[in-house]
Asks: 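Mind looking over this structure? Questions follow.
Remember, it's 1-based here, ligands and their atoms both numbered in the order they're listed.
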Amino acid sequence: AARAGRVEFRNVTFAYPGAEAPVLSDISFTAEPGQTVAIIGSTGAGKSSLLGLLPRLYDAASGEVLLDGVPVTRLDRAEITQRVAMVPQRPYLFSGTIGHNLRFGKPEATEQELWEALTVAQAADFVQDKAAGLDSRISQGGTNVSGGQRQRLCIARALVTEPKVYLFDDSFSALDVATDARLRRALKAKTADATVIIVGQRVSTIADADQILVLDKGRIVDRGTHEELLESSSTYQEIVES
Ligand code: TTP
């Protein structure tokens with residue numbers, strides 16, 4: 001059987017309600033199970049908006065977003081959340097214990113599953129260091145953990161649900177380069193069969209992706225591997241050098 005988690009955008013155009021200019025124009029790409037597709041581009045290029053179309057935070061104005069060949073507009077939310085996990089740019093922790101937060105998408109997850117997810121997310125150490133471990137309280141909005149810890153807890157929360165598709169919106173930006181590298185190595189091993197779409201600002205975060213999409217003003221202006229883009233894309237070169 002074909003592995004699940006294939007994502008396809010077909011000529012997708014999107015504008016926010018009330019806005020005249022489209023934020024995304026004619027976006028087409030495919031991400032296969034086992035692949036990592038990275039999206040890079042300047043601020044406001046439309047990267048977050050692109051990710052949001054898969055879990056239907058918004059719907060395309062024209063074109064189609066398909067999950068395993070089916071337009072997401074024909075799937076219900078439960079079917080999508082079962083298969084797709086998104087770690088948003090400003091990941092949210094609610095008031096409750098770390099365990100509650102990690103079990104958000106899978107209430108029946110065992111402690112062992114939580115620790116496995118924390119280990120991959122490079123968060124096991126700091127949770128272990130807390131006297132109450134998984135029972136440690138998170139304050140509303142997660143203000144009593146650092147930005148990098150919050151990102152890692154939210155990555156662990158996504159891992160607990162074992163989705164077919166991971167969407168990471170700049171999820172590694174608050175991590176130091178070494179932690180970022182360790183996390184992504186562990187993630188790659190853990191999510192070998194999954195489809196990963198990752199928005200990244202740092203070249204080291206995205207350089208090993210199977211395909212990099214260079215987004216500029218809502219359009220894919222270049223695509224390829226890191227090596228290909230270094231040769232062919234002046235936009236990519238500018239991003240790398242900045
Ligand atoms: P984004 O999709 O947020 O662009 P980005 O993710 O590439 O930017 P960054 O790297 O800074 O995260 O925004 C694209 C445009 O859409 C931008 O002009 C702001 C607008 N926008 C809205 O109007 N409403 C929204 O809810 C969002 C997310 C963006």
Asks: What's the shortest distance from atom 4 (O) of ligand 1 to any protein heavy atom, and which residue and atom give it?
Replies: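 That would be Gly46 N, 3.1 Å.
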Asks: Heavy-atom distance from atom 22 (C) of ligand 1 to the protein below 4.0 Å?
Replies: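 Looking at atom 22 (C) of ligand 1, one finds that a protein heavy atom does lie closer than 4.0 Å.
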Asks: Within a radius of less than 6.0 Å around CD of Glu111, do more than 12 heavy atoms belonging to other residues, nucleotides or ligands occur?
Replies: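 It does not: Glu111 CD has 12 such atoms or fewer within range.
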Asks: For Gln89, take its heavy atoms, then give the atoms of ligand 1 lying under 4.0 Å from any of them.
Replies: 12 (O)
Asks: Are the side chain of Asp193 and the backbone N or O of Gly34 linked by a donor-acceptor pair below 3.5 Å?
Replies: no
Asks: When you measure from the heavy atoms of Gly44 to every atom of ligand 1, does any distance fall below 4.0 Å?
Replies: yes
Asks: Going by distance only, is there an N or O of Val23 that falls short of 3.5 Å from an N or O of ligand 1?
Replies: no
Asks: Quick test: of every protein heavy atom, which one is nearest to atom 26 (O) of ligand 1, and how far off is it to 0.1 Å?
Replies: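 Answer for atom 26 (O) of ligand 1: Tyr16 CE2, 3.5 Å.
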Asks: Parallel, tilted or perpendicular, judged at 30° and 60°: which one describes the rings of Tyr16 and Phe14?
Replies: perpendicular
Asks: Say whether Phe14 and ligand 1 are in contact under the criterion: heavy-atom distance to a ligand atom below 4.0 Å.
Replies: no
Asks: Counting only heavy atoms not in Phe126, do more than 12 fall under 6.0 Å of its CZ?
Replies: yes
Asks: With atoms numbered from 1 as shown, which atoms in ligand 1 lie under 4.0 angstrom from a non-hydrogen atom of Tyr58?
Replies: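 The list of qualifying atoms is 26 (O).
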Asks: Does the plane of the ring in His226 sit parallel, tilted or perpendicular to the ring in Tyr236? Use 30° and 60° as the thresholds.
Replies: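 Ring orientation of His226 relative to Tyr236: perpendicular.
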Asks: Scan side-chain atoms only and decide if Asp222 and Ser232 contain a donor-acceptor pair under the 3.5 Å cut-off.
Replies: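 No donor-acceptor contact under 3.5 Å links the two side chains.
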Asks: Yes or no: does Gly41 have any heavy atom under 4.0 Å from an atom of ligand 1?
Replies: no
Asks: Compute the minimum heavy-atom distance from Ser42 to ligand 1 and say whether it is under 4.0 Å.
Replies: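 True for this residue.
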Asks: Just need the protein heavy atom nearest to atom 13 (O) of ligand 1, so name the residue and atom and give the distance.
Replies: Ser49 OG, 3.9 Å
Asks: Distance alone, cut at 3.5 Å: any donor-acceptor contact between the side chains of Glu238 and Thr235?
Replies: no
Asks: Would you mind running through ligand 1 and noting each atom that sits below 4.0 Å from a heavy atom of Ser48?
Replies: 2 (O), 3 (O), 5 (P), 6 (O), 12 (O)
Asks: At what distance is the nearest protein heavy atom to atom 11 (O) of ligand 1, and which residue and atom is it?
Replies: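 For this ligand atom, the closest protein heavy atom is Thr43 OG1, 2.6 Å.
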Asks: When you measure from atom 5 (P) of ligand 1 to each heavy atom in Lys217, Lys47, Gln201, which option holds the nearest one?
Replies: Lys47
Asks: Only one of Arg157, Lys190, Arg83 forms a salt bridge (charged side-chain N to carboxylate O under 4.0 Å, His left out) with Glu162, so which one is it?
Replies: Lys190
